[in-house]
Amino acid sequence: MALSTQPYKGARDFYPEDKRLQKYMFSVMRRIAEQYGYEEYDAPILEPIELYLAKTGEEIVNEQTYTFLDRGGRQVAIRPEMTPSVSRMVAGKRQELSYPLRWYSIPNLWRYERPQRGRLREHWQLNVDMFGVDNLLAEAEIIQVADGILKAVGATHDMYTIKINSRKLMDYIFKEYLQLDGVQTHTISKLIDRKEKMPHEAFVAEVDAVFTPMQREAGASNKLMGLLRTKTIEHMPEVIREQTAALEVYHLIHTLKQNHITNVKFDMGIMRGFDYYTGIVFEIFDEDPENNRSMLGGGRYDGLVGLFGVEPVPTVGFGFGDVTLENFMRGHNLMPTLRPETDVYVIVIGDVFNQAQKLVYEMREMGANVAIDLTGAKPDKQIKTAVKKGIHYVMFIGERDLAEEQYELKNLITGRAERHSAARIVSIIKDYREGD
RNA sequence: GCGGGUGUAGCUCAGCUGGUUAGAGCGUCUGUUUGUGGCACAGAAGGCCGUGAGUUCAAACCUCAUCACUCGCCCCA
């Protein structure tokens, strides 16, 4: 049985052309995060399993996390998300860090599940978090960063929608307004999450089944349906509208609109899976009908850092996966044309390799990325190699050229060729690289 | 965990209701005389038809099993 050449299920190989796309996406993420003053950090891919048991708090840990025993008999997990790790780091230096902290990272994460469109077992996810700010300016800024990244890859506001909700608001609605107990709240939340995926009648029936006869008597079902039909905070019943949580949602949306982010709206359906969220939660949805899904999500989680036995630190953050970003870009025709890292491929003609090599060395010192052909094959073969690699320039070095110190530089895209000194060639190449 | 789809050349696939030596396009390689690619022409390599068993005179094709990939669902990024 031959060894399989396929990558592990749910993981990807990145051939140079794939890696180039990933590098592009990461560079956009880094650029925007850093524009907003966020600093990059990192953490180990392995964590003790307790880190996740303590906070993610769900069975997700057991079912969807890669775990193993290390040689010392410790239960270890491959990180399925970054949030617990950052929280650990912040807690570890709680006293000496200067707040607000603006941090970001692009970790690769693993989760054990069956791969499907947009969800693999291994993916990379930009994590952007702000620690130490307990007011809405933090939420507003973090959403601006997310929005900024989408704009930076060429997206326009009609391509996606930012949906906002509040865990606190939902708590009030479930516990006070609808008088639900813990179990009911949980079931209803899950149902609301799935609302769009089922026929309306089925949804109504399932919701109805959750309520007790008394609650039904009191019209709980109608109240809930009424709320779900309400598309804006302003149109909510007054008791709800005057809750602090509701005012927060209102103000956040207002602030974002003032900052030219117009595609924001309130959506009660946004719940987020993790239990650690404590306030505002948000998700950004792709408006492409072929890919109408959440591609990014986050919110406020004020309790995590405190779990490490230090004073709590209010925190807002989001995660943005590379797979979802790529699907988004493909769906909206935002894929960039990417060039190889190599600027020029040197064609060696005749027995001049050593001299050519010396010249190439100097060109590299001057800042060009130069690959030299080592095969000694005929020029047409060498050119084909460059073409196939997608390199844009080819440079010919033969005896004549070395004698005259003038070399032919050919642009393989336009077919144009000119003769120049090596230094001039380097500057042409560099201009080209920095250009369009 | 549940359900659907697909496994034929490196890639994308065709192979009608089972019938001789299994096909195409693209790609790869060689050449069209050695300092210039994309085009054209000529040629070549490359397949135990995912694997195992069964039915049949005969299986890429039918049946069963198995593995892999894939898309949904559950769950949730």
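All chains are named by letter (A, B, ...) in the order of the sequence lines, taking the proteins before the strands, and each is independently numbered beginning at 1. Remember, predicted model here, so these are calculated numbers, not experimental data.
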*Whole Å only: how far is the OH atom of A:Tyr112 from the C1' atom of B:A77?*
17 Å
_Nearest-Å distance for atom pair CD/P, residues A:Glu113 and B:C76_ = 11 Å
*Proximity to the side chain of A:Gln116 - top-ranked nucleotide from B:G72, B:C69, B:A77*: B:G72
_Nearest-Å distance once atom P is located in both B:U20 and B:C49_ = 15 Å
*For atom C1', what is the distance between B:G52 and B:A59, given to the nearest Å?*
15 Å
*Compare every heavy atom of A:Tyr66 with every heavy atom of A:Arg121, then report the nearest pair and how far apart it is.*
CD-OH, 3.3 Å
*Taking it one step at a time, do A:Lys168 and A:Asp302 satisfy salt bridge (charged side-chain N to carboxylate O under 4.0 Å, His left out)?*
CA-CA 12 Å; A:Lys168 249 188 311 187; A:Asp302 289 342; over 6 Å; no
*asked:* Assess, by modelled atom type and distance only, whether the side chains of A:Glu47 and A:Ser85 contain a donor and an acceptor separated by less than 3.5 Å.
replied: yes
_Wobble G-U and Watson-Crick pairs count when both distances are under 3.5 Å; given that, what is the 5' to 3' dot-bracket string of RNA chain B, with | for pairing to other strands?_
(((((((..((((.....[...)))).(((((.......))))).....(((((..]....))))))))))))....
_In terms of relative ring orientation, are A:Tyr160 and A:His157 parallel, tilted or perpendicular, with 30° and 60° separating the classes?_
perpendicular
*Taking atom P of B:C76 as reference, at what distance in whole Å does atom CD1 of A:Ile192 sit?*
14 Å
_Pairwise P distance for B:C67 and B:U51, with rounding to whole Å_ = 15 Å
*Determine, for nucleotides 28-35 of chain B in 5'-to-3' order, which nucleotides have protein heavy atoms under 4.0 Å from the base (write B), from only the sugar-phosphate (write S), or from neither (write -).*
S-S---SB
For residues 131-138 of chain A, which side-chain N or O atoms pair as donor and acceptor with protein atoms under 3.5 Å away, sequence neighbours left out?
residue	atom	partner	partner atom	Å
A:Asn135	OD1	A:Leu137	N	2.8

*Give me the one residue out of A:Tyr301, A:Trp103, A:Tyr104 that meets side chain to side chain donor-acceptor pair (under 3.5 Å) with A:Asp129.*
A:Tyr301
Residues 391-403 of chain A, side-chain donor-acceptor partners within the protein, below 3.5 Å, at least two apart:
residue	atom	partner	partner atom	Å
A:His392	ND1	A:Tyr432	OH	2.6
A:Asp401	OD1	A:Arg419	NH1	3.1
A:Asp401	OD2	A:Gly398	N	2.7

*Gap between atoms CG and P, on A:Asp373 and B:G37 respectively (whole Å)*: 15 Å
_Pair A:Glu141-A:Tyr38, side-chain donor/acceptor within less than 3.5 Å_ = yes
*Whole-Å C1' distance, B:C39 and B:A9*: 26 Å
*Take atom P in B:G18 and the same atom in B:C57, then report the distance between them in whole Å.*
15 Å
_A:Arg12 to A:Pro7 - nearest heavy-atom pair and separation_ = C-CB, 4.4 Å
*In whole Å, what is the span from the CZ atom of A:Arg111 to the P atom of B:A77?*
9 Å
_Would you measure the distance from the P atom in B:C62 across to the matching atom in B:G46 and give it in whole Å?_
29 Å
*How close or far is atom C1' of B:A77 from atom CE of A:Met82, stated in whole angstroms?*
16 Å
_Point-to-point distance, once rounded to the nearest 0.5 Å, from NZ of A:Lys265 to CD1 of A:Ile233_ = 14.0 Å
*So what does A:Ile413 touch, heavy atoms closer than 4.0 Å: a base, only the sugar-phosphate, or nothing?*
base
*asked:* Using the P atom as the point on both nucleotides, what is the distance between B:U34 and B:G15, in whole Å?
replied: 45 Å
_In whole Å, measure the gap between the P atoms of B:G37 and B:U32 for me._
13 Å
*Does a side chain donor of either A:Gln184 or A:Gln215 reach within less than 3.5 Å of an acceptor in the other side chain?*
yes
Can you give me every donor-acceptor pair (side chain of residues 366-380 of chain A, partner residue at least two apart or in another chain, under 3.5 Å) with its distance?
residue	atom	partner	partner atom	Å
A:Asn369	ND2	A:Glu341	O	2.8
A:Asp373	OD1	A:Thr375	N	2.8
A:Asp373	OD1	A:Thr375	OG1	2.5
A:Asp373	OD2	A:Tyr345	OH	2.6
A:Thr375	OG1	A:Ala377	N	3.1

Using a cut-off of under 3.5 Å, enumerate the N/O to N/O pairs linking the protein to nucleotides 1-4 of chain B.
residue	atom	partner	partner atom	Å
B:C2	N4	A:Arg114	NH1	2.9

*Between A:Phe320 and A:Trp124, is the ring centre distance below 6.0 Å?*
no
*Roughly how many Å is it from NE2 in A:His392 to C1' in B:G37, rounded to a whole number?*
14 Å
_Euclidean distance, atom CD1 of residue A:Ile78 to atom C1' of B:A77 [Å, nearest integer]_ = 17 Å
*With a 3.5 Å cut-off and just heavy-atom distances, do the side chain of A:Arg119 and the base of B:C76 make a donor-acceptor pair?*
yes
